[in-house]
Amino acid sequence: MKKPLILITNDDGFASKGLRVLDEIAQEFGDVVVMAPECNSSGMGHSITTNRPLRVRTIKLSDGLQVFACDGTPVDCVKLATEYFCPRRPDIVLSGINHGSNSSVNVIYSGTMGAVVEATINGFDAVGFSMLNHSDDADFAACIPYIRHIIGKVIEKGLPANVSLNVNFPYLPDSHMKGIRVCREARARWADSFEKRSDPNGRPYYWLTGNFVCDDAVDGTDEWALANGFVSVVPIHPDYTRYDAIPEVNNMLCG
């Protein structure tokens, strides 16, 4: 029997430490194809490249990992890899390990999770992994047993149709991790603002800043789980429809 085929991507770029760690774990479960953005594509969400052609380089990293580096977005990587670079249909698509949180509303902005949602739209089981540490040299050791467990279970049992997983890890030593909590996304927002600055020629430019605002970090949410030392797992899906609001909106507009 053929081993499972696993496609890996991310949004931090092909050289990120998190990608290498995820590849090492995935190798335990099957054959792996890695296609990732050529440069950091954080915050790209579900964007795709439509105004120019895409180019791909094959790169062998110093540790022997071979990757396809694409000059597009994480979603481009999923689309292109599954059509041209995977020898057969992948059994699972993995994204990450992201350097930084993708919990709560961050799932909307995340290129890591944009790739996961794209995979789900196309019928693949998909999981995104993120850790609450932005350091380029973050220590992912405490995440490894949980990632191994989640990948194994998804390959063994599969996910519900049209559902993928958004997995986030607190930045804690292994001994302080309390286990997995399957939970809902906390309601939150970014209170954004722009700093107005001037370049050396006196021309103005604007730099995005902001603060994460969450008043919903209650038991049962991903923000609560992470703050209390749990790995948060949120089942997500690409259907934005608010089904329970259909009757009210229908009555307002058509009644």
Side-chain angles (χ1 to χ4, degrees), residues 4-12 18-19 21-26 28-30 32 34 36 42 45-46 74-75 77-78 81-82 89-132 140 142-171 177-188 220-240:
L5 181 63
I6 303 168
L7 172 63
I8 296 179
T9 190
N10 72 352
D11 72 359
D12 289 320
L19 184 79
V21 173
L22 186 55
D23 171 75
E24 289 175 4
I25 301 168
E28 301 173 16
F29 293 92
V32 178
V34 179
S42 298
H46 209 98
V75 173
C77 290
V78 172
T82 54
R89 179 178 173 85
D91 295 279
I92 186 172
V93 177
L94 306 175
S95 187
I97 306 167
N98 190 65
H99 293 244
S101 172
N102 279 319
S103 60
S104 184
V105 72
N106 295 302
V107 69
I108 295 174
Y109 304 108
S110 166
T112 299
M113 294 309 299
V116 168
V117 172
E118 179 63 27
T120 305
I121 290 170
N122 287 280
F124 301 104
D125 284 342
V127 184
F129 297 101
S130 306
M131 188 178 68
L132 277 62
F140 293 97
C143 308
I144 291 173
Y146 294 98
I147 295 173
R148 186 179 286 125
H149 173 74
I150 292 168
I151 293 174
K153 287 296 184 182
V154 172
I155 289 176
E156 177 189 357
K157 298 179 179 296
L159 290 171
N162 212 35
V163 169
S164 51
L165 302 182
N166 181 18
V167 180
N168 282 269
F169 298 94
Y171 190 57
M177 291 273 199
K178 296 180 180 178
I180 293 173
R181 281 288 182 94
V182 179
C183 45
R184 69 171 175 86
E185 177 185 315
R187 292 183 296 274
T221 66
D222 52 3
E223 289 299 321
W224 183 93
L226 293 164
N228 285 275
F230 292 95
V231 179
S232 72
V233 178
V234 178
I236 65 171
H237 66 135
D239 183 353
Y240 282 12

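If you read the sequence from its start, that first residue is 1, and numbering goes on from there.
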To the nearest 0.5 Å, what is the distance between [atom1] ([X]) and [atom2] ([Y])?
| X | Y | atom1 | atom2 | result |
| --- | --- | --- | --- | --- |
| Leu132 | Ser101 | CG | OG | 4.5 Å |
| Glu223 | Arg184 | CD | CZ | 11.0 Å |
| Ile108 | Ile236 | CD1 | CD1 | 10.0 Å |
| Phe169 | Ile144 | CZ | CD1 | 9.5 Å |
| Leu7 | Ile92 | CG | CD1 | 10.5 Å |
| Phe129 | Ile97 | CZ | CD1 | 7.5 Å |

Shortest non-hydrogen contact from [X] toward [Y]:
| X | Y | result |
| --- | --- | --- |
| Val233 | Ile150 | CG2-CD1, 4.4 Å |
| Ser164 | Leu159 | CA-CD1, 4.0 Å |
| Pro235 | Val163 | CB-CG1, 3.9 Å |
| Met131 | Cys143 | SD-SG, 3.4 Å |
| Ala186 | Thr221 | CB-CB, 3.8 Å |
| Ser103 | Asn166 | CA-ND2, 4.4 Å |

Start with the C-alpha gap between Ser130 and Asn168, add the side-chain angles, then the distance that decides, and say whether side-chain contact (heavy atoms from CB on, under 4.5 Å) holds.
CA-CA 5 Å; Ser130 306; Asn168 282 269; 3.3 Å; yes

Run the side-chain contact (heavy atoms from CB on, under 4.5 Å) check on Leu19 and Asp12 step by step: do they pass?
CA-CA 8 Å; Leu19 184 79; Asp12 289 320; over 6 Å; no

Decide if the gap between the ring center of His99 and the ring center of Phe140 is smaller than 6.0 angstrom.
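Judged by ring-centre distance (under 6.0 Å), His99 and Phe140 do meet the cut-off.
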
May I ask you to test the [X]-[Y] pair for a side-chain heavy-atom distance under 4.5 Å?
| X | Y | value |
| --- | --- | --- |
| Ile151 | Val127 | no |
| Phe29 | Arg148 | yes |
| Thr120 | Asn162 | yes |
| Asn10 | Pro74 | no |
| Phe124 | Thr82 | yes |
| His46 | Ile121 | yes |

Between Leu94 and the options Ile147, Val34, Ile6, the side-chain contact (heavy atoms from CB on, under 4.5 Å) test singles out Ile6

Given Thr112, which partner from the list Thr9, Asp11, Asn106 fulfils the side-chain hydrogen bond (donor to acceptor under 3.5 Å, both in side chains) test?
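When side-chain hydrogen bond (donor to acceptor under 3.5 Å, both in side chains) is applied between Thr112 and each of Thr9, Asp11, Asn106, only Asp11 qualifies.
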
May I ask you to check whether over 12 heavy atoms, not counting those of Arg89, lie within 6.0 Å of atom CZ?
yes

